[in-house]
Every structure is written in structure tokens, then in C-alpha cells.
**Q** 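Below is a structure I'd like to ask you about.
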Amino acid sequence: MFYRNYVELTWEEIKAVDKEKCYLILPVSSIEQHGRHLPVGTDDFILQMCMEELEKKENNTGMEFLCLPALKVGTSCEHMNFPGTVTFSVTTYFSVIHDIAASVAKHGFKKMIIVNGHGGNTALLSGFSQELNLKYNLEIYNLELPALYATCDEVPELSDMDAACEIHAGDIEVSLLLYKYPQVVHMEKAEDVPLYIESFYNSWVVDRLSPAGTMGKPLNASAERGMLILDYMMGKMMEVIDKILALRSIVKN
């Protein structure tokens, strides 16, 4: 078992944890529309499957990992013109992350890995991390799931994937859900909407680009592709964790 669940421990057990050799894990995701064919909890389903796979792995690192409960609401204002989306404002999201960080730092924790399943949270978490480190001496590392599966076309069997247009509710996300949670996928409603967004265009809102809410090619998806994508993601996830652990010799709290 790679990590223990924070909420299953007593306060005495948490007090006894060697904070110098412990990393907290905070999973975060979102509730937002994912086209006509996927549920609003898609990002959280994918986060959940990754965390379940991580939990199964052996921990031979010499460090302890405690996993906090997932924060299922994120910043999703770009999807708010679709029913079902629930979003925090930027200031609220910062307050929530801030208060979690303040709480765990108060009790001596020094390192936290945020496992993020929603691309809309990415830039905010990056900015928050530096401020929280300065304020609470809490090292925060951001492990971005979208960044992991964005390069899954490196897998030979997935070389036909147009990763640049797989922005939202496309081949990658549909394949993952077909593999693990097929009951929530409505393939009869899926449609391809290949879009390419320039990196400097940051004010886009989804419905102005795609009335269906899809940004990608879900019709390419399959459960077999989902299995390959998840396996690839978990390999990359472990690589990132190894790199985080390698930093402990140079990062001073």
C-alpha cells in the first residue's frame, strides 16, 4: 500500500507521524460539464482511478504518504454557461487551499503533493504554492494529471491520437471512463469537435468554441485505449513522485 488515508487516523497517530519523512497528498478535481456524452464528475472519476491505482503500489521509498480527502470542486468558470457546472471563484479557491495548508502546517507537516485532475486549476495552484511556502514553510509540489496524459500518444498503440486537440471530453477522457466506468458514458451522444487553442489565448469560454461542450475526438475512444492510457499515466505519475523525492536532499525547510 503506497499511502494511508489521513481520515482513518486518530489525532495521536497523526501527531506521532515523523513529519520530516512524510508527504501529504491532496487530490483535487472539478465538477463541470463534459459534453453530452460524459458526466459532470469526469475529472473526479479520472482522479479517483489514478489514486486507487497509486494506493495499490508498494511504497519502497522510505517515506510515508498520507492522503487527504479529495477536493472535488475547483475553478471551472470557462464551463459555467453549461448546466451542472459548479465552480469556486479564484479567491474562494485560494481560501480553501490556504486553509488546508494552514491547518496541516500548524500540526508540523512540511511537504504536500497536490494531485490535480483539472487543467483549469493548474495555473492557480502554481501561483498559490509559492505564496503558501513563504507563509507556512510548506513545500508544495503540483502533480498534474492532464500534463501526464497529454503525451500519451508516445505509446505506439496510441500514435494515431491527435493529442494537441484533446482538450476536453475527447478520446483520452472517454477512453479512461470506458475502461473503468463504462456505465456513465453515453457514446451515442458523442461527437468529434477538434479544436486547437493557442497558448496565449487564455480568456476562452467553452460554449463560444463548442456548443456541445466537447473539445476533442471522443469517437476514437475505446476501453482498450483507456487501459493503455491509464497504464502510461501511472508510469509517468511514479516518475514525477520519484523526482519530487529526489529534491528532498536540496530543499531546505
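Please read these numbers as outputs of a predicted model, since none were measured by experiment. Heavy atoms only: backbone and side chains are in, while hydrogens, waters and symmetry mates are out.
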**Q** Under 4.5 Å between any side-chain heavy atoms of Met51 and Tyr3, yes or no?
**A** yes
**Q** Using only atom types and a distance under 3.5 Å, with no angle test, would you say the side chain of Thr75 pairs donor to acceptor with the backbone of Gly120?
**A** yes
**Q** Please check: side-chain N/O of Ser95 versus main-chain N/O of Thr91, any donor-acceptor pairing under 3.5 Å?
**A** yes
**Q** Same cluster or not: Ile229 versus Met215, using hydrophobic residues (I, L, V, M, F, W, Y) connected whenever any side-chain heavy atoms lie under 4.5 Å apart?
**A** no
**Q** Once the angle between the rings of Phe128 and Phe94 is folded into 0 to 90°, is it parallel (under 30°), tilted (30 to 60°) or perpendicular (over 60°)?
**A** perpendicular
**Q** Is the CD atom of Gln130 crowded by more than 12 outside heavy atoms at less than 6.0 Å?
**A** no
**Q** Assess whether atom CD of Glu131 is packed by more than 12 heavy atoms of other residues, nucleotides or ligands within 6.0 Å.
**A** no
**Q** Is it true that Arg225 and Asp160 have a side-chain N and a carboxylate O under 4.0 angstrom from each other?
**A** yes
**Q** List the steps and the verdict of side-chain contact (heavy atoms from CB on, under 4.5 Å) for Phe109 and Ile14.
**A** CA-CA 10 Å; Phe109 288 99; Ile14 291 172; 3.9 Å; yes
**Q** Just so I know, are the side chains of Tyr136 and Lys106 near enough to count as touching, which here means a heavy-atom distance under 4.5 Å?
**A** no
**Q** With sequence neighbours left out, write down each residue that passes ring-ring contact (aromatic ring centres under 6.0 Å, His included) with Tyr149, or none if nothing qualifies.
**A** none
**Q** Mind checking the CZ-OG spacing from Phe88 to Ser30? Nearest 0.5 Å is all I need.
**A** 11.5 Å
**Q** Can you tell me how far apart NZ (Lys217) and CG (Asn220) are? Round to the nearest 0.5 Å.
**A** 6.5 Å
**Q** Which heavy atom of Glu32 sits nearest a heavy atom of Ser76, and at what distance?
**A** OE1-OG, 2.7 Å
**Q** Can you tell me if His107 uses its side chain to pair, donor with acceptor, with the backbone of Trp11 under 3.5 Å?
**A** no
**Q** How far does NZ of Lys19 sit from NZ of Lys111, to the nearest 0.5 angstrom?
**A** 11.5 Å
**Q** Salt-bridged, Lys236 to Glu239, with N to O below 4.0 Å?
**A** yes
**Q** Using a 3.5 Å distance criterion without hydrogens, assess whether the side chain of Ser159 forms a donor-acceptor pair with backbone atoms of Asp153.
**A** no
**Q** For residues Ile114 and Leu124: do they belong to one hydrophobic cluster (side chain heavy atoms under 4.5 Å, members Ile, Leu, Val, Met, Phe, Trp, Tyr)?
**A** yes
**Q** Please give me the minimum heavy-atom distance between Leu176 and Gly226, naming the atom from each residue.
**A** CD2-O, 3.6 Å
**Q** Which pair of non-hydrogen atoms, one from Leu230 and one from Cys50, has the smallest distance, and what is that distance?
**A** CD1-SG, 4.1 Å
**Q** Within the structure provided, determine whether Met112 and Leu68 are in side-chain contact (heavy-atom separation under 4.5 Å).
**A** yes
**Q** Working to the nearest 0.5 Å, report the span between NE2 of His118 and NE2 of His168.
**A** 8.0 Å
**Q** Between Tyr93 and Thr87, is any pair of side-chain heavy atoms under 4.5 Å apart?
**A** no
**Q** Taking atom types as modelled and ignoring hydrogens, do the side chains of Ser29 and Asp44 form a donor-acceptor contact shorter than 3.5 angstrom?
**A** yes
**Q** Salt-bridged, Glu13 to Arg4, with N to O below 4.0 Å?
**A** no
**Q** Within the 4.5 Å heavy-atom criterion, are Met238 and Phe2 side-chain neighbours or not?
**A** yes
**Q** For residues Met233 and Tyr141: do they belong to one hydrophobic cluster (side chain heavy atoms under 4.5 Å, members Ile, Leu, Val, Met, Phe, Trp, Tyr)?
**A** yes
**Q** Do you know which two heavy atoms are closest between Val7 and Pro69, and how far apart they sit?
**A** CG1-CG, 3.3 Å
**Q** For the pair Phe65 and Tyr23, name the ring-plane relationship: parallel under 30°, tilted 30 to 60°, perpendicular over 60°.
**A** parallel
**Q** Please confirm whether the backbone N or O of Pro39 pairs with a side-chain atom of Thr42, one donor and one acceptor, at under 3.5 Å?
**A** yes
**Q** Between CG of Leu143 and CG of Leu26, what distance do you get to the nearest 0.5 Å?
**A** 12.0 Å
**Q** Measuring from atom CG of Asp171 to atom SG of Cys165, what distance do you get when rounded to the nearest 0.5 angstrom?
**A** 8.5 Å
**Q** Do Val174 and Val193 share a hydrophobic cluster (ILVMFWY, side-chain heavy atoms under 4.5 Å, transitive)?
**A** no
**Q** What are the two closest heavy atoms between Glu166 and Ile172, and how far apart are they?
**A** OE1-N, 3.3 Å
**Q** Is there side-chain contact between Leu177 and Met49, with at least one heavy-atom pair below 4.5 Å?
**A** yes
**Q** Given side chains that start at C-beta, do those of Ser199 and Tyr201 come closer than 4.5 Å, heavy atoms only?
**A** no
**Q** Is there a donor-acceptor pair closer than 3.5 Å between any side-chain N or O of Asn137 and the backbone N or O of Lys110?
**A** no
**Q** State plainly whether one hydrophobic cluster holds both Val155 and Val240, where clusters connect Ile, Leu, Val, Met, Phe, Trp and Tyr through side-chain heavy atoms under 4.5 angstrom apart.
**A** yes
**Q** Can you establish whether the number of heavy atoms outside Glu58 located under 6.0 Å from its atom CD is more than 12?
**A** no
**Q** Which pair of heavy atoms, one from Leu54 and one from Met234, lies closest together, and at what distance?
**A** N-CE, 3.6 Å
**Q** Are the side chains of Leu125 and Val28 in contact, using a 4.5 Å heavy-atom criterion?
**A** yes
**Q** Yes or no on side-chain contact (heavy atoms from CB on, under 4.5 Å) for Lys72 and Val86, after CA distance, side-chain angles and deciding distance?
**A** CA-CA 10 Å; Lys72 296 176 181 289; Val86 178; over 6 Å; no
**Q** Determine, step by step, whether Glu53 and Asp231 satisfy the side-chain contact (heavy atoms from CB on, under 4.5 Å) criterion, reporting the C-alpha distance in whole Å, the side-chain angles of both residues, the deciding distance to 0.1 Å, and the verdict.
**A** CA-CA 9 Å; Glu53 291 298 311; Asp231 184 65; over 6 Å; no
**Q** In sequence, state the C-alpha distance, the side-chain angles, and the governing distance for Leu219 and Glu191, and then conclude on side-chain contact (heavy atoms from CB on, under 4.5 Å).
**A** CA-CA 6 Å; Leu219 296 181; Glu191 58 182 289; 5.6 Å; no
**Q** Going by the side chain to side chain contact (heavy atoms under 4.5 Å, CB included) test, name the single residue among Leu145, Asn142, Asn116 that passes it with Thr122.
**A** Asn116
